[in-house]
Protein chains: 2
Amino acid sequence: MTTTHRIQFLPHNREIEVKDGENLIRAAMEAGVHINASCGGEGVCGKCRVIVEAGEVTGGISEKLSAADQEKGYRLACRSLVHGDLTIRVPVESTIDASVLNQQTVPRRTARIQQKDLNDLKEAGLFLPPVEKIYLTLPEPDNQDHLPDVTRLVSHLKLHHNEHRLTVSLPVIRKLPDVLRKDGFKVTATLARPVMESGKTEIVNVQPGDTSERNYAIAMDIGTTTIYGQLIDLKSGEVLAEHGDFNGQISYGEDVISRIVYAEKEGGLERLHQVVTETINTIIKKIVRRAKVDAEDIAAITLAGNTTMTQLLLKVNPRYIRRSPYVPASTLYPPIRAVDIGLAVDDYVTALVYPAVSSYVGGDIVAGVMGAGLYLDEQLTLFMDIGTNAEIVIGNRDWLACAACSAGPAFEGGGIKHGMRAAKGAIEDFSLDPVTWEPMLMTIGNVRPKGICGSGLIIMTAVMFEMGLINNLGKFNRDLPTPRLREDNGVWEYVLAWDDETQIDNDIALTEIDIENLIRAKGAIYSGCMTLLTEVGMGMQDLDRIVLAGGFGSYVDLEKAMTIGLLPEIDPEKVTFIGNSSLMGAKMSSLTNRIRRDVVEVTRNMTNFELSETPSYMDNYVAALFLPHTDLNHFPRLKTRLADRKKNGEASPGA
Amino acid sequence: MTTTHRIQFLPHNREIEVKDGENLIRAAMEAGVHINASCGGEGVCGKCRVIVEAGEVTGGISEKLSAADQEKGYRLACRSLVHGDLTIRVPVESTIDASVLNQQTVPRRTARIQQKDLNDLKEAGLFLPPVEKIYLTLPEPDNQDHLPDVTRLVSHLKLHHNEHRLTVSLPVIRKLPDVLRKDGFKVTATLARPVMESGKTEIVNVQPGDTSERNYAIAMDIGTTTIYGQLIDLKSGEVLAEHGDFNGQISYGEDVISRIVYAEKEGGLERLHQVVTETINTIIKKIVRRAKVDAEDIAAITLAGNTTMTQLLLKVNPRYIRRSPYVPASTLYPPIRAVDIGLAVDDYVTALVYPAVSSYVGGDIVAGVMGAGLYLDEQLTLFMDIGTNAEIVIGNRDWLACAACSAGPAFEGGGIKHGMRAAKGAIEDFSLDPVTWEPMLMTIGNVRPKGICGSGLIIMTAVMFEMGLINNLGKFNRDLPTPRLREDNGVWEYVLAWDDETQIDNDIALTEIDIENLIRAKGAIYSGCMTLLTEVGMGMQDLDRIVLAGGFGSYVDLEKAMTIGLLPEIDPEKVTFIGNSSLMGAKMSSLTNRIRRDVVEVTRNMTNFELSETPSYMDNYVAALFLPHTDLNHFPRLKTRLADRKKNGEASPGA
């Protein structure tokens with residue numbers, strides 16, 4: 001006999017029955033209750049805090065929990081075993097909030113937003129969707145005309161539409177005879193164009209009557225954390241609907257490494273594949289419903305994701321991505337029947353998967369390069385996508401170099417005592433009274449603070465540095481007369497909000513360790529850029545523009561990012577934000593076949609630098625571990641500002 | 001509550017339980033007991049005779065059963081309903097005997113056998129199997145070499161094996177990382193060559209270590225009645241094993257029309273598709289076991305069948321093949337993933353399906369034309385495949401014309417009172433004593449006679465005609481003094497064997513109706529040839545050679561076939577027998593990619609004549625409804641022989 005226990009999860013109010021001895025985080029997964037666990041359940045990140053409100057668990061205690069928290073009933077879910085009925089409350093900081101994903105991103109205090117325009121494509125004659133529908137009225141067979149159905153269709157397309165090198169798929173052959181006879185040999189043929197001019201055009205679908213006005217595609221960005229989809233009208237080029245959701249894999253580890261670890265377990269790859277396709281299919285369903293189109297008129301799907309996400313989606317074990325010498329299974333993928341990878345679309349739909357450059361510069365980055373048009377541009381451009389990892393691409397139409405920087409998760413709130421993602425309650429803006437050293441905080445959604453998001457962290461650090469609250473090593477000026485500066489367990493910190501002002505019933509503070517982590521992160525990125533440029537004999541001064549991609553790019557305060565030395569100093573007018581560049585690239589591929597043709601060549605010609613094996617990198621990195629840099633001459637505008645503050649007797653570093 | 005009944009089938013000794021009111025022939029099908037039913041269970045062919053040994057059925061009586069037979073317990077299974085427990089004996093004439101299929105065919109009294117020789121191909125440099133295995137030792141990745149696994153494989157093939165335009169399938173990408181690391185980056189890659197030179201070579205499989213010596217293909221002939229498969233060693237070109245079996249669809253109708261009728265029923269197409277793949281998979285299993293090879297080393301499969309068999313195999317409804325204007329869904333099929341059509345081979349195996357010309361000149365005939373090399377030959381050749389339908393092709397390397405003749409099933413024993421297939425007990429040779437008019441019979445397997453097969457029918461008719469037992473209209477000389485000539489129910493017949501000499505406890509006789517059916521059948525074929533030739537401005541005298549295909553071709557007595565006017569008179573040395581030409585063509589395609597390339601062009605250039613719509617056909621047909629023909633001058637050698645017989649006072653027509 002097996003003993004089972006009931007667990008109730010609050011505030012979701014979900015119940016589940018589990019076997020005696022089950023791990024609490026697994027029970028939550030099974031119940032569909034998300035609990036943050038960035039370490040994939042290994043017990044090292046301390047993020048899966050839950051409150052046991054009724055019943056008792058075995059284990060769950062860890063040095064990650066203070067004695068006070070333990071007293072309040074806090075346990076780590078991944079360390080707790082179930083031996084009786086339970087009521088578990090998942091505290092707000094352990095959950096994720098999807099609502100923020102679908103709010104319009106309004107970049108702040110920033111320069112231009114660049115979105116490659118549909119009209120640009122149309123003007124350049126490049127509005128060439130990979131899938132086209134043509135309405136045909138075929139002659140009917142009779143005693144003088146015994147052409148087979150397929151030949152009838154193909155010859156008509158040749159003769160009257162100048163279509164050559166046509167192939168027909170088996171599913172079309174299967175349905176063609178009845179489709180032809182349903183509406184007097186009037187049919188609409190769906191033609192999929194070849195990527196290469198030498199290729200063949202495939203007739204992938206036929207429908208009775210005239211359906212040529214109904215031709216749609218889907219573009220998807222498969223992020224480690226979030227997945228976004230767009231439904232695109234291939235007649236007009238317009239986006240009819242868009243939706244984002246958290247990647248269901250998030251419950252199996254927050255970053256790519258913990259996903260890979262999970263994928264290596266028995267059945268793990270299959271599970272992660274299944275979970276991500278479920279998320280994708282949910283999004284497809286939503287955007288199809290929202291756009292009020294018929295799912296059978298969706299004729300193409302383009303997917304862009306990092307190398308690990310791509311391999312998990314295609315059920316290619318990413319095992320060797322995390323092992324030296326870090327080789328991916330493949331960087332190029334053939335066109336794939338979408339149903340073969342579990343996507344809920346018609347069986348004739350081909351999924352196009354963006355190629356990658358290396359294990360850590362993936363299809364999402366390539367999509368960004370294609371979407372932003374870097375590879376067509378004369379200007380020397382620095383492209384950055386800052387997330388858990390930071391990927392950088394530098395180059396123009398003549399050459400492209402790229403690298404992935406192990407920036408660590410600081411920009412997404414990881415490794416920061418009160419760090420969190422850019423969601424409701426995250427402190428995203430900050431200013432400081434130079435007399436009282438009291439802060440002014442703004443949070444996303446204007447609610448009581450829950451924590452600090454990446455963009456907030458940058459602003460705080462920049463403001464504190466420029467006003468002399470911290471020095472160029474990121475250490476607090478301990479002499480300042482404010483109770484907010486304190487030492488806690490040997491670590492100095494600045495209290496941003498007292499417990500009674502927060503959502504988490506705890507003080508929210510910024511620590512020297514947080515600042516150190518940020519400096520390491522920004523140093524990794526800046527030195528990555530420096531390394532790419534020095535390897536090709538150039539410097540920061542040669543950059544014509546910067547393109548910032550990703551959610552982080554949209555929220556970051558440009559001037560502050562330059563103040564801490566994350567970005568090189570450049571005229572803000574020369575910085576553009578392109579938002580979700582991966583989704584943008586996937587969309588562009590749906591609008592013009594030219595990108596699908598060019599991308600193979602572009603990917604092949606992108607030089608990937610493994611920074612850890614590039615000798616100049618370590619020197620550049622060590623020099624970047626200061627605010628903003630060892631050599632202040634890299635940042636002439638900041639240098640002038642700091643000198644002015646000093647001259648004017650304003651608070652300033654070292655003043 | 002449902003009442004059920006038990007049925008025991010003899011001599012199989014199979015039992016089955018069925019619901020009250022079940023049809024007896026369906027019960028037999030379900031029990032896996034084959035009963036001939038050429039009409040597909042419509043009750044019109046009268047072939048599904050069974051003996052009710054115990055119990056009672058409802059119905060089952062028909063004018064197809066004599067009163068004496070009914071007395072003995074004979075019933076038509078398709079007309080019998082089950083309302084109680086039964087013991088049913090399936091008489092020998094209602095069963096089929098698969099053992100004959102796998103006996104070596106020894107053509108009789110005939111000219112050369114032509115089998116395109118493997119050595120011919122090798123000498124001509126055309127031994128180019130479509131799938132090749134290459135063993136590779138790849139460099140291992142290290143800190144200076146981060147090539148993705150796929151790129152590593154592809155670059156090595158380019159650099160060291162001059163392989164270009166390579167693509168890699170998703171299943172290969174999925175397995176490659178682990179396969180590479182299983183044996184120190186030593187792997188065998190399986191390369192599938194493109195049909196067209198402009199196409200790409202696809203890497204379809206990778207295996208650890210050196211497996212390059214183990215590379216096999218399967219060739220299959222999908223006949224309406226029988227299916228044959230060969231397992232071919234692609235290293236040597238040798239056939240390692242061969243096996244034939246009855247097409248499992250036979251229980252759903254003996255000819256293509258009744259199969260189409262069945263396919264149009266609810267679920268019928270799926271059922272017929274499933275049944276034929278079961279037969280194919282059983283054959284694959286047998287030949288794999290017999291050749292002692294590993295199934296995962298089978299890299300290609302080629303299939304040839306008539307248009308209906310092909311559509312049923314590919315699950316393409318053949319509905320419009322039997323409806324005017326008789327158009328097939330397609331004549332060309334793309335390469336198909338074998339597992340997608342239910343074949344039990346590895347999922348990377350591509351099935352190549354022979355293209356057809358029209359609804360009634362199918363891939364089996366095209367395979368014959370390719371296998372026999374007609375399209376390469378300067379000589380004007382007549383190619384005939386005589387079965388339920390007769391297909392003829394005339395032409396050479398400059399032009400090819402073809403037609404299907406509705407010969408009827410006489411050559412396979414259909415429409416003949418005691419007709420049967422060429423199986424054990426079939427009378428296949430015959431001579432006549434000119435004084436006593438007593439016959440001498442030879443049967444296949446030298447057992448007591450069961451019936452008359454097609455080749456026997458031709459011999460009898462030729463002998464009887466040449467000796468004057470029948471005249472040139474096929475009517476018996478009723479004055480001859482022999483008890484074997486008699487009138488039965490108004491139909492004159494010649495008794496070949498008395499009931500106590502046979503296996504069927506009945507006299508076996510040849511009737512005037514049988515002869516009339518034969519004359520119609522041979523007339524249809526001869527006039528088909530005449531029509532094709534006259535349409536291109538030629539005559540029988542222009543033929544350089546005749547190629548006979550099929551089982552019938554192997555058994556037929558050449559001289560006798562010319563005597564009755566089935567074949568044009570030609571030097572027997574110029575007639576070749578090629579046996580199962582469909583299988584031969586399928587095999588040839590496995591040995592040389594050249595055929596797969598040429599076949600598309602050949603098929604496109606074959607002119608198909610719909611005889612019923614060709615004005616000259618009816619005149620030719622009417623003129624051919626004599627023995628051998630209205631115009632004896634078409635058969636000069638026979639004319640001389642008959643004149644000699646007359647001169648010598650020997651028995652002769654009209655003598």
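Excluded from the calculations below are hydrogen atoms, water molecules and symmetry mates; all remaining heavy atoms, backbone and side chain alike, are included.
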Return the OG to CG distance between A:Ser330 and B:Leu147, rounded to the nearest 0.5 Å. 11.5 Å
Under the rule for side-chain hydrogen bond (donor to acceptor under 3.5 Å, both in side chains), what residues qualify as partners of A:Glu202, not counting sequence neighbours? none
Can you check side chain to side chain contact (heavy atoms under 4.5 Å, CB included) on A:Arg337 and B:Arg337, steps first, answer last? CA-CA 12 Å; A:Arg337 216 159 57 142; B:Arg337 217 159 57 141; 3.8 Å; yes
Interchain contact, A:Leu332 with chain B, by part (heavy-atom threshold 4.5 Å): backbone
Considering only heavy atoms, which portion of A:Glu610 lies under 4.5 Å from any heavy atom of chain B: side chain, backbone, both, or neither? side chain
Distance, nearest 0.5 Å, that separates CD of B:Glu613 from CD of A:Gln144: 6.0 Å
Evaluate the criterion side chain to side chain contact (heavy atoms under 4.5 Å, CB included) for residue pair B:Lys315 and A:Ile173; output intermediate values, then yes/no. CA-CA 10 Å; B:Lys315 228 193 273 182; A:Ile173 298 175; over 6 Å; no
CG on A:Asn143 to OG on B:Ser612, rounded to 0.5 Å: 7.5 Å
Less than 3.5 Å apart, any donor N or O on the side chain of A:Asp178 or B:Tyr320 sitting next to an acceptor on the other? yes
Okay, B:Thr331 and chain A: the region with an atom under 4.5 Å from a heavy atom over there is both
What part of A:Arg604 gets within 4.5 angstrom of chain B, counting heavy atoms only: side chain, backbone, both, or neither? neither
If the test is side-chain contact (heavy atoms from CB on, under 4.5 Å), which one of A:Asp149, A:Leu176, A:Val150, A:Leu170 qualifies with B:Val316? A:Leu170
Check whether A:Ile336 gets within reach of chain B through its side chain, its backbone, both or neither, counting any heavy atom under 4.5 Å. side chain
